[in-house]
Amino acid sequence: MAVPPPVPPFTRESATAKVRLAEDGWNSRDPHKVSLVYAEDSRWRNRSEWVTGRAEIVGFLTRKWSRELDYRLIKELWAFDDSRIAVRFAYESHDPEGNWWRSFGNENWEFDEAGLMTVRHACINDVPIKESERAFRWPLGRRPDDHPGLSDLGF
């Protein structure tokens with residue numbers, strides 16, 4: 001399967017585009033669609049969980065989005081080199097009991113020459129918020145282009 005550009009080596013412009021494409025994919029909340037941008041044998045560390053391969057990625061994301069409801073995510077480029085990208089992100093969601101959370105994190109990504117992600121390391125901290133404190137209020141799906149990013153929001 002061919003992943004659409006951008007592919008390594010990254011420039012600031014292509015790394016920024018790759019980050020936005022990742023954000024858009026995760027905001028779709030479609031585990032199968034999201035899994036296709038990862039290599040067949042991609043390795044993840046997400047918090048304290050280790051995930052290997054697309055089938056495990058689909059399972060992980062299915063579980064994630066069954067408990068993180070009304071999920072909305074913003075990612076921002078932090079740093080990059082030829083085949084690696086570092087990202088900071090925040091997302092808001094609520095649990096099945098209606099408790100809202102804002103989760104802040106950092107990810108380190110590594111890509112193969114075809115642009116598939118081979119490695120993903122994520123560190124995430126959750127902060128309880130009130131529904132009235134939410135900052136990510138666009139309709140579910142892709143974040144509108146005119147919605148502020150993390151730096152604009154002071155996150």
Side-chain angles (χ1 to χ4, degrees), residues 3-4 6 10 12-39 42-81 84-111 116-155:
V3 173
F10 294 114
R12 176 164 301 282
E13 181 179 296
S14 65
T16 299
K18 195 74 159 179
V19 171
R20 182 56 192 244
L21 288 169
E23 175 187 312
D24 292 350
W26 281 62
N27 276 327
S28 76
R29 295 170 302 141
D30 180 336
H32 296 282
K33 175 184 173 184
V34 171
S35 74
L36 297 177
V37 302
Y38 298 94
S42 186
R43 296 180 331 271
W44 288 17
R45 183 189 47 75
N46 194 90
R47 300 178 192 249
S48 61
E49 189 170 350
W50 294 88
V51 177
T52 302
R54 284 191 187 149
E56 288 186 20
I57 290 170
V58 169
F60 171 87
L61 293 173
T62 299
R63 289 188 312 277
K64 172 185 181 61
W65 290 322
S66 71
R67 66 182 181 273
E68 293 179 354
L69 307 174
D70 292 319
Y71 176 95
R72 290 168 178 86
L73 165 74
I74 299 176
K75 291 182 181 280
E76 186 174 280
L77 177 67
W78 185 254
F80 70 96
D81 75 4
R84 293 179 174 168
I85 296 176
V87 173
R88 66 188 203 95
F89 64 89
Y91 65 86
E92 293 178 350
S93 64
H94 66 84
D95 60 29
E97 291 75 36
N99 302 302
W100 280 93
W101 302 89
R102 184 173 301 125
S103 302
F104 295 95
N106 299 293
E107 293 176 310
N108 296 314
W109 301 341
E110 188 167 354
F111 297 88
L116 294 171
M117 193 182 300
T118 58
V119 176
R120 174 182 174 266
H121 297 286
C123 297
I124 306 167
N125 300 298
D126 301 313
V127 178
I129 61 172
K130 297 175 185 165
E131 195 282 336
S132 62
E133 297 173 313
R134 291 177 50 214
F136 304 173
R137 293 186 175 269
W138 65 87
L140 287 175
R142 186 179 194 276
R143 175 174 56 101
D145 290 336
D146 63 350
H147 189 282
L150 294 179
S151 292
D152 299 322
L153 291 167
F155 294 149

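The figures that follow rest on heavy atoms only: side chains count, while hydrogens, waters and symmetry mates do not. Treat the numbers as computed from the prediction; the structure is a model and nothing was measured.
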> Of all residues at least two apart in sequence or in a different chain, which pass the side-chain contact (heavy atoms from CB on, under 4.5 Å) check with Ser151?
Replying inline: Glu76, Arg88

>> Is the shortest side-chain heavy-atom distance between Asp70 and Trp100 below 4.5 Å?
In response: yes

>> With no hydrogens and no angle check, just 3.5 Å: does a side-chain donor-acceptor pair link His121 and Asn108?
In response: no

>> Is there a side chain to side chain contact (heavy atoms under 4.5 Å, CB included) between Val19 and Trp109? Walk through the geometry before answering.
In response: CA-CA 10 Å; Val19 171; Trp109 301 341; 4.0 Å; yes

>> Nearest 0.5 angstrom please: Met117 CE to Ile57 CD1, how far?
In response: 9.0 Å

> How far apart are the C-alpha atoms of Asn106 and Val87, what are their side-chain angles, what is the distance that settles it, and do they pass the side chain to side chain contact (heavy atoms under 4.5 Å, CB included) test?
Replying inline: CA-CA 6 Å; Asn106 299 293; Val87 173; over 6 Å; no

> Should Leu77 and Arg12 be marked as a side chain to side chain contact (heavy atoms under 4.5 Å, CB included) after you check the CA-CA gap, both sets of side-chain angles, and the distance that decides it?
Replying inline: CA-CA 9 Å; Leu77 177 67; Arg12 176 164 301 282; 3.7 Å; yes

> Are any non-hydrogen side-chain atoms of Phe111 and Ile85 less than 4.5 angstrom apart?
Replying inline: yes

> When you look at CZ of Arg102, are more than 12 heavy atoms from neighbouring residues, nucleotides or ligands closer to it than 6.0 Å?
Replying inline: yes

> Are Ser93 and Leu73 side-chain neighbours, meaning at least one heavy-atom pair lies under 4.5 Å?
Replying inline: no

> Does Arg72 have any side chain to side chain donor-acceptor pair (under 3.5 Å) partners at least two apart in sequence or in another chain, and if so, which?
Replying inline: none

> Of Arg45, Lys18, Lys75, which meets salt bridge (charged side-chain N to carboxylate O under 4.0 Å, His left out) against Glu107?
Replying inline: Lys75

>> Any heavy-atom pair between the side chains of Asp95 and Trp101 that's under 4.5 Å?
In response: yes

> Is the shortest side-chain N to carboxylate O distance from Arg142 to Glu23 below 4.0 Å?
Replying inline: no

> Quick check: does any side chain N or O of Glu56 sit under 3.5 Å from a backbone N or O of Gly53, one acting as donor and the other as acceptor?
Replying inline: no

> Distance-only, no hydrogens or angles: does the Thr62 side chain make a donor-acceptor pair with backbone N or O of Val58 under 3.5 Å?
Replying inline: yes

> Among all residues two or more places apart in sequence or in another chain, which pass the side-chain contact (heavy atoms from CB on, under 4.5 Å) test with Asn125?
Replying inline: none

>> Do Arg120 and Trp44 form a cation-pi contact, if we require the NZ or CZ to be under 6.0 Å from the six-membered ring centre and within 45 degrees of the ring's axis?
In response: yes

> Quick one: side-chain contact (heavy atoms from CB on, under 4.5 Å) partners of Val34, sequence neighbours excluded?
Replying inline: Trp26, Ser28, Tyr38, Leu61, Trp65

>> Check this for me, if you would: do Glu49 and Arg63 make a salt bridge, where the nitrogen-to-carboxylate-oxygen distance has to be below 4.0 angstrom?
In response: yes

> Which heavy atom in Ser14 sits nearest to a heavy atom in Pro6, and how many Å separate them?
Replying inline: O-CG, 3.2 Å

> When the ring centroid of Phe104 is compared with that of Phe89, is the distance short of 6.0 Å?
Replying inline: no

> Can you list the residues that meet the salt bridge (Lys or Arg N to Asp or Glu O under 4.0 Å) rule with Glu131, with sequence neighbours excluded?
Replying inline: Arg134, Arg137

>> Can a side-chain donor-acceptor contact be found between Arg143 and Asn27 if the only test is distance below 3.5 angstrom?
In response: no

>> Looking at every heavy atom in both Pro96 and Ser66, which two are closest together, and how far apart are they?
In response: CG-O, 4.4 Å

>> Would you say that Phe136 contacts Ile74 through its side chain, given a criterion of any heavy-atom pair below 4.5 Å between the two side chains?
In response: yes

>> According to side chain to side chain donor-acceptor pair (under 3.5 Å), who are the partners of Arg47, at least two apart in sequence or on a separate chain?
In response: Tyr91, Asp126

